Amino acid sequence: MTELNNLAILGAGGHGRVVADAALSMGWQRIEFYDDAWPNLLQCLSFPVVGTVKDFVKTSPKNHDGVIVAIGNNALRADMLRDLRNRQFPLTTVIHARATLSYHARVDIASVVFAGAVVNPGAVVGMGAILNTACSVDHDCRLGVGVHISPGAHLGGGVSIGDLSWVGLGASVRHQICIGQGVMVGAGAVVVADVPDGATVVGNPARRAVNIS
Ligand SMILES: CC(C)(COP(=O)(O)OP(=O)(O)OC[C@H]1O[C@@H](n2cnc3c(N)ncnc32)[C@H](O)[C@@H]1OP(=O)(O)O)[C@@H](O)C(=O)NCCC(=O)NCCS
């Protein structure tokens with residue numbers, strides 16, 4: 001079992017602060033942040049920012065018991081995680097003490113699950129996911145690598161979501177829907193039909209938007 005002594009968090013922005021809070025709730029003792037704003041940024045919450053992300057990569061993988069990447073951009077986060085994994089850094093998963101994770105669900109390494117999130121039986125969540133505050137991932141959902149489910153978003157049973165897709169704040173996805181890779185589901189959308197790779201959809205029912213980049 002992993003010792004919960006020294007945790008390195010890469011990224012000291014708002015998301016990094018929520019990751020730190022979740023880590024504390026599960027018993028991590030000491031946290032160090034690495035952020036490219038260093039040396040202008042020396043502290044985050046009550047924890048030190050001790051270097052840039054490049055500085056971190058040059059440290060020994062043995063310096064920390066766990067490493068988590070707290071960068072919101074899905075593609076950047078996933079790339080960084082692959083690099084850290086290749087360099088044998090001890091990637092860890094951060095699950096808030098008040099998240100509800102079924103014993104029959106699987107959440108892969110380097111994911112974060114925030115307070116109030118629910119992951120139901122049979123769900124499989126790929127590496128480096130963000131399951132944000134009070135979202136739900138229902139039974140038998142399949143999420144790829146680097147997916148972000150935003151606060152208050154809900155996935156019905158059997159939904160599949162491709163790598164690097166982002167489901168926005170408060171969106172809902174009807175059961176059995178397939179969402180492709182690199183998809184953006186806008187805040188508040190209600191998704192009732194499959195979404196192809198790379199699409200941005202908004203509204204209720206969710207449709208591809210012409211005037212959105
Ligand atoms: C969908 C989204 C990515 C579009 O962003 P954008 O490309 O910057 O779009 P804009 O804000 O320039 O808006 C473009 C148009 O789309 C509309 N629009 C934007 N987001 C929308 C949404 N979620 N639902 C419905 N319409 C939306 C705007 O009203 C605007 O319409 P108009 O041209 O008729 O005035 C973004 O608004 C969104 O919903 N992001 C999710 C954010 C989120 O969940 N964050 C969670 C952080 S943890």
Side-chain angles (χ1 to χ4, degrees), residues 9-25 33 35-37 44-45 68-81 93-96 98-101 107-108 110-119 123 125-138 141 143-156 159-174 177-213:
I9 300 182
L10 310 193
H15 178 56
R17 296 200 294 275
V18 186
V19 170
D21 241 30
L24 290 175
S25 80
F33 281 97
D35 191 284
D36 289 344
C44 180
L45 300 174
I68 189 87
V69 175
I71 292 176
N73 181 293
N74 290 341
L76 273 180
R77 186 173 69 258
D79 282 351
M80 200 177 288
L81 286 171
T93 300
V94 170
I95 299 175
H96 195 285
R98 285 184 297 284
T100 305
L101 189 51
V107 174
D108 282 353
S111 294
V112 296
V113 185
F114 288 163
V118 178
V119 184
V125 176
M127 178 177 80
I130 301 172
L131 303 185
N132 222 314
T133 309
C135 73
S136 66
V137 176
D138 223 300
C141 283
L143 276 54
V145 170
V147 167
H148 180 178
I149 310 300
S150 295
H154 299 295
L155 309 182
V159 165
S160 80
I161 300 194
D163 294 348
L164 309 182
S165 287
W166 180 9
V167 177
L169 281 164
S172 300
V173 183
R174 193 170 75 183
I177 291 292
C178 292
I179 289 180
Q181 301 188 1
V183 164
M184 174 76 230
V185 174
V190 178
V191 182
V192 295
D194 293 352
V195 181
D197 292 350
T200 295
V201 294
V202 296
N204 177 5
R207 300 206 191 284
R208 289 187 88 149
V210 280
N211 49 350
I212 289 182
S213 46

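Given the structure is predicted, the values throughout are model-derived calculations rather than measurements. Counting starts at 1 for both ligands and their atoms, following the listed order. Start at 1 with the first residue, then count along the sequence.
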Anything under 3.5 Å between a donor and an acceptor, one on a side chain of residues 9-23, the other on a protein residue two or more places apart or in another chain? List them.
none

**Prompt:** Can you tell which of S150, G14, A189 gets a heavy atom nearest to atom 46 (C) of ligand 1?
**Reply:** S150
**Asked** G168 heavy atoms, cut-off 4.0 Å: which ligand 1 atoms fall inside?
**Response** 44 (O)
**Item:** Part of M184 within contact of ligand 1 (heavy atoms, under 4.0 Å)
**Value:** side chain
**Prompt:** Can you check side chain to side chain donor-acceptor pair (under 3.5 Å) on S172 and H154, steps first, answer last?
**Reply:** CA-CA 5 Å; S172 300; H154 299 295; over 6 Å; no
**Prompt:** In ligand 1, which numbered atoms sit nearer than 4.0 Å to a non-hydrogen atom of G186?
**Reply:** 1 (C), 23 (N), 39 (O)
**Pairwise side-chain contact, V159 with V191, heavy-atom cut-off 4.5 Å (strictly under)** = no
**Prompt:** Heavy atoms only: which of N132, V202, V167 is nearest to atom 1 (C) of ligand 1?
**Reply:** V202
**Request:** Would you indicate whether the side-chain heavy atoms of Q181 and L164 approach each other to under 4.5 Å?
**Result:** no
**Message:** Which of the numbered atoms in ligand 1 are under 4.0 angstrom from any heavy atom belonging to W166?
**Reply:** 43 (C), 45 (N), 46 (C)
**Prompt:** Under a 4.5 Å cut-off applied to non-hydrogen side-chain atoms, are V185 and V201 in contact?
**Reply:** yes
**Prompt:** Does any N/O atom on P151 come nearer than 3.5 Å to any N/O atom on ligand 1?
**Reply:** no
**Fill in**
The reported gap from CZ in F114 to CD1 in I149 (rounded to nearest 0.5 angstrom) is 13.0 Å
